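Below: one structure, written as structure tokens.
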Amino acid sequence: MRLSRSTRLLYGEVEHYLADTFNELAVPVRADHRYETYNSLGKRSFEGINAGDSKGTWVMQGWLFVYDAAFWDNASVEALLRGVPNDRC
């Protein structure tokens, strides 16, 4: 909610919110709960945007998935974004 509020204060009315949660960072996850953790983090990121703007769209750079492609395999990316509606990310 703070991201949405802060973004609107800086830029006025918007519907797109940049949230690069793990850009060039090591994600602190346990291997045995990796996909569940990504799914939870993705949902929470989106819920935070949605709480402040019910029409808000989560925007992120694709770089994080390329930067560490071995870590961000297809299953990991899918788990992160699974809980976000397709038209909102």
Side-chain angles (χ1 to χ4, degrees):
M1 184 184 272
R2 283 185 259 156
L3 172 66
S4 303
R5 190 176 316 131
S6 297
T7 300
R8 285 195 308 273
L9 285 172
L10 286 170
Y11 302 108
E13 288 302 314
V14 298
E15 289 185 7
H16 295 89
Y17 299 89
L18 178 64
D20 283 338
T21 51
F22 305 112
N23 200 15
E24 298 183 21
L25 299 172
V27 184
V29 297
R30 290 180 18 199
D32 58 335
H33 291 101
R34 180 175 177 166
Y35 303 115
E36 295 88 352
T37 301
Y38 294 154
N39 185 253
S40 175
L41 293 170
K43 281 183 182 178
R44 292 166 110 188
S45 295
F46 176 71
E47 287 169 357
I49 291 168
N50 199 50
D53 184 345
S54 62
K55 295 181 181 177
T57 298
W58 178 11
V59 178
M60 69 178 81
Q61 298 181 55
W63 172 245
L64 77 141
F65 304 124
V66 176
Y67 172 77
D68 193 357
F71 182 83
W72 286 104
D73 58 13
N74 288 343
S76 297
V77 175
E78 197 275 329
L80 179 69
L81 300 176
R82 182 181 307 130
V84 183
N86 287 337
D87 64 337
R88 303 284 297 280
C89 69

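No experiment lies behind these values; they were computed from the predicted model shown.
Following chains of ILVMFWY side-chain contacts shorter than 4.5 Å, one can reach Tyr17 starting from Leu10, so the two form part of one hydrophobic cluster. Both Phe71 and Leu64 sit in one connected hydrophobic cluster of ILVMFWY residues. Membership requires side-chain heavy atoms under 4.5 Å apart, directly or through other members.
Side-chain N or O atoms of Ser40 include none that pairs as donor or acceptor with a backbone N or O of Glu36 at under 3.5 Å. The main-chain N or O of Ala79 is found under 3.5 Å from a side-chain atom of Asn39 such that the two form a donor-acceptor pair.
Taken to the nearest 0.5 Å, the CD atom of Glu15 stands 12.5 Å off from the CD1 atom of Ile49.
At a threshold of 4.5 Å between non-hydrogen side-chain atoms, the residues Trp58 and Leu81 count as touching. Proximity of Met60 to Phe65: side-chain heavy atoms (C-beta onward) are separated by under 4.5 Å at one or more points. At least one side-chain heavy atom of Asn50 sits under 4.5 Å from a side-chain heavy atom of Arg88. Looking only at side-chain heavy atoms (C-beta outward), Trp72 and Leu80 come within less than 4.5 Å of each other.
Using modelled atom types, one finds a donor on one side chain and an acceptor on the other under 3.5 Å when comparing Arg34 with Ser76.
With sequence neighbours excluded, no residue forms a ring pair (Phe, Tyr, Trp, His ring centres under 6.0 Å) with Tyr35.
Taking all atoms of both residues into account, the shortest heavy-atom contact from Asp53 to Val14 is OD2-O, 3.1 Å. Pairing each heavy atom of Leu18 with each of Gln61, the nearest pair is CD1-N, 4.5 Å.
Applying the 6.0 Å contact sphere to CG of Asp87 captures more than 12 heavy atoms from other residues, nucleotides or ligands. Within 6.0 Å of CG on Asp32 lie more than 12 heavy atoms contributed by other residues, nucleotides or ligands.
Taking the centre and axis of the six-membered ring of Tyr38, the NZ or CZ atom of Arg82 falls outside the cone set by 45° and 6.0 Å.
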Q. Run the side chain to side chain contact (heavy atoms under 4.5 Å, CB included) check on Asp68 and Phe22 step by step: do they pass?
A. CA-CA 11 Å; Asp68 193 357; Phe22 305 112; over 6 Å; no
